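No experiment lies behind these values; they were computed from the predicted model shown.
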Amino acid sequence: ITQLRNSQNGLEQCDDGNLNNLDLCRNNCKLSYCGDGIRDLIEQCDDHNNQSNDGCSNTCQVEFDFTIYSINQTIFNTRKINLNLSSFINFNDLSYLDSFTGTPRLNRLCRNCNAYGDDEIKFKTFSDGFHNLTFIAQQGSRSINKSVSFLIDTKDPKITKTLPKRNDYTNGTFELQYQEEHVKNITFYYANNSNLYSQTITDCTYNESIKRQQCLFNIDLSSFHNQNLSYYFDVEDVALHNDSSKPLNIHIDTVSPQFTQFNFTTGFRRVYFNITLSEPVTLDYLDSSELRPQWRNLCRKCSSFNKSK
């Protein structure tokens with residue numbers, strides 16, 4: 001009875017003499033405001049807070065917007081991508097456009113809807129590679145766009161060749177051939193009888209014009225001179241797939257051979273060589289006076305040569 005008298009006292013913010021809770025003076029004689037949880041005649045919505053970007057703005061107007069919930073990462077190792085979009089209002093049309101495809105076209109998700117993939121899990125299939133999806137929501141003459149970008153990589157890296165071969169010698173030079181477009185890490189592992197070592201390879205530049213990538217690099221193995229090691233490579237892509245090569249045993253030789261003696265005498269159409277070296281080598285010679293000079297072998301795995309040619 002007191003609230004109907006249309007006479008404001010000290011305890012009331014207002015008194016409009018009625019019990020209509022949707023006007024500017026509430027039944028408890030308090031002034032209405034945006035965010036009080038009661039939608040009055042001048043409000044499109046009232047969600048009991050004064051925050052925007054939740055469907056109802058801080059001025060209690062319905063927001064023309066939608067939210068993408070599902071694509072919350074930039075790299076996928078599967079081609080089936082979950083799509084989950086929702087809004088607080090109905091759209092006449094909800095579609096998407098993939099600008100990274102050969103011929104981009106509009107793909108409709110739903111009509112006269114406020115969500116896709118919200119009430120049940122829904123997937124769309126995409127090919128390997130980069131994708132940029134632009135979602136387009138339309139209501140009458142109005143539209144709103146939102147874009148997301150991601151990479152799909154479902155293929156494992158493949159190591160096709162490593163050098164040196166098994167039981168070969170190296171001074172620290174190695175070669176790796178592999179197939180992978182989106183490399184994250186290339187790691188070189190080597191071990192002796194007691195320890196395993198690793199080194200990340202950072203100077204392998206991707207060449208998009210060729211399918212099989214080739215990488216040449218040097219590792220400082222001077223502390224392992226004249227020892228036997230085993231080695232292998234591991235290639236990891238951005239989707240965390242990896243491939244490892246088979247371990248191979250090799251011989252390390254980081255010191256260049258030296259001539260400790262080099263003498264020769266000439267006779268009729270022959271040359272007698274007296275050569276000694278610091279270690280066993282493959283010894284070749286080249287006669288630059290020939291019309292077409294070419295390397296010829298004197299001996300293999302030899303540390304001396306005392307013969308005539």
Side-chain angles (χ1 to χ4, degrees), residues 157-181 183 186-193 197-235 243-309:
K158 183 179 181 181
I159 297 176
T160 58
K161 184 179 180 180
T162 63
L163 288 176
K165 296 181 179 180
R166 189 186 307 274
N167 296 325
D168 276 358
Y169 284 83
T170 183
N171 60 359
T173 300
F174 293 86
E175 178 180 341
L176 170 67
Q177 294 185 18
Y178 65 94
Q179 295 176 5
E180 172 58 45
E181 186 175 356
V183 172
I186 297 178
T187 308
F188 174 72
Y189 293 92
Y190 56 101
N192 55 17
N193 292 330
Y197 307 88
S198 65
Q199 184 167 335
T200 300
I201 308 303
T202 59
D203 52 353
C204 289
T205 304
Y206 179 75
N207 186 351
E208 62 180 9
S209 64
I210 58 176
K211 182 178 181 180
R212 180 175 298 178
Q213 302 299 308
Q214 184 180 35
C215 185
L216 297 171
F217 54 91
N218 291 295
I219 303 293
D220 183 7
L221 298 177
S222 56
S223 59
F224 299 96
H225 173 67
N226 211 27
Q227 296 184 34
N228 295 329
L229 295 180
S230 64
Y231 82 94
Y232 70 94
F233 290 95
D234 184 86
V235 178
D243 186 29
S244 296
S245 62
K246 293 181 179 180
L248 297 176
N249 295 321
I250 54 173
H251 308 291
I252 308 303
D253 186 351
T254 59
V255 178
S256 299
Q258 303 291 325
F259 287 99
T260 58
Q261 179 175 274
F262 188 89
N263 297 312
F264 66 94
T265 57
T266 59
F268 180 69
R269 300 184 62 181
R270 298 191 69 84
V271 177
Y272 178 80
F273 293 98
N274 183 11
I275 301 172
T276 57
L277 301 112
S278 59
E279 59 180 300
V281 298
T282 297
L283 185 60
D284 297 327
Y285 74 94
L286 179 75
D287 187 351
S288 59
S289 65
E290 293 180 340
L291 182 61
R292 295 180 178 179
Q294 58 180 330
W295 287 99
R296 292 182 172 85
N297 181 255
L298 290 178
C299 60
R300 291 181 174 87
K301 296 182 179 180
C302 57
S303 56
S304 63
F305 184 80
N306 299 287
K307 294 181 180 179
S308 62
K309 294 291 286 186

Report, as yes or no, whether the 6.0 Å neighbourhood of atom CZ on Phe264 holds more than 12 heavy atoms from other residues, nucleotides or ligands.
-> no
Exceeds 12 heavy-atom contacts within 6.0 angstrom, atom CG of Asn193 | no
On a heavy-atom basis, the closest approach of Gln294 and Glu290 is N-OE1, 3.9 Å
Side-chain contact, heavy-atom cut-off 4.5 Å: Leu176 with Ile159?
-> yes
Will you find, in the side chains of Gln213 and Glu180, an N or O donor that is under 3.5 Å from an N or O acceptor?
-> no
Shortest non-hydrogen pair, Arg166 vs Pro247, comes out as NH1-O, 3.9 Å
Please tabulate, for side-chain N and O atoms in residues 265-278, each donor-acceptor pair with protein atoms closer than 3.5 Å (sequence neighbours left out).
residue : atom : partner : partner atom : Å
Arg270  : NE   : Ser308  : OG           : 3.3
Arg270  : NH2  : Ser308  : O            : 3.3
Arg270  : NH2  : Ser308  : OG           : 3.2
Asn274  : OD1  : Gln261  : NE2          : 3.0
Thr276  : OG1  : Thr260  : OG1          : 2.7
Thr276  : OG1  : Gln261  : N            : 3.2
Ser278  : OG   : Gln258  : N            : 2.8

Euclidean distance, Leu298 CG relative to Lys307 NZ, rounded to 0.5 Å | 9.5 Å
Is the backbone N or O of Thr170 less than 3.5 Å from a side-chain atom of Asp168, with the two atoms forming a donor-acceptor pair by type?
-> no
When rounded to the nearest 0.5 angstrom, what distance separates OH in Tyr169 from CG in Asn228?
-> 8.0 Å
How many angstroms lie between OG in Ser304 and CG in Leu283, if you round to the nearest 0.5 Å?
-> 10.0 Å
Decide yes or no for Asp253 and Asn171: does some side-chain heavy atom of the first lie under 4.5 Å from some side-chain heavy atom of the second?
-> no
Using the ring pair (Phe, Tyr, Trp, His ring centres under 6.0 Å) rule, pick out the option among Tyr231, Phe233, Tyr197 that qualifies with Tyr190.
-> Tyr197
Value rounded to 0.5 Å, distance of NZ in Lys161 from CD in Gln214 = 8.0 Å
Looking only at heavy atoms, the pair that brings Leu221 and Gly172 closest together is CD1-CA, 4.2 Å
Closest non-hydrogen contact found for Tyr178 with Cys204 is OH-CB, 4.4 Å
Could you give me the CA-CA distance, side-chain angles and deciding distance for Thr173 and Leu216, then say whether side chain to side chain contact (heavy atoms under 4.5 Å, CB included) is met?
-> CA-CA 7 Å; Thr173 300; Leu216 297 171; 5.6 Å; no
Write down the atom of Ile250, the atom of Lys165, and the distance for their closest heavy-atom approach.
-> CG2-O, 3.6 Å
Side-chain heavy atoms of Val281 within contact of Phe305, under 4.5 Å = no
Tightest non-hydrogen contact, residues Ser256 and Glu279, listed as C-OE2, 4.0 Å
Euclidean distance, Tyr189 OH relative to Ser198 OG, rounded to 0.5 Å | 5.5 Å
Kindly compute the distance separating CG (Asn192) from CD (Gln227), expressed to the nearest 0.5 Å.
-> 6.0 Å
Is any side-chain heavy atom of Ile201 less than 4.5 Å from a side-chain heavy atom of Thr187?
-> no
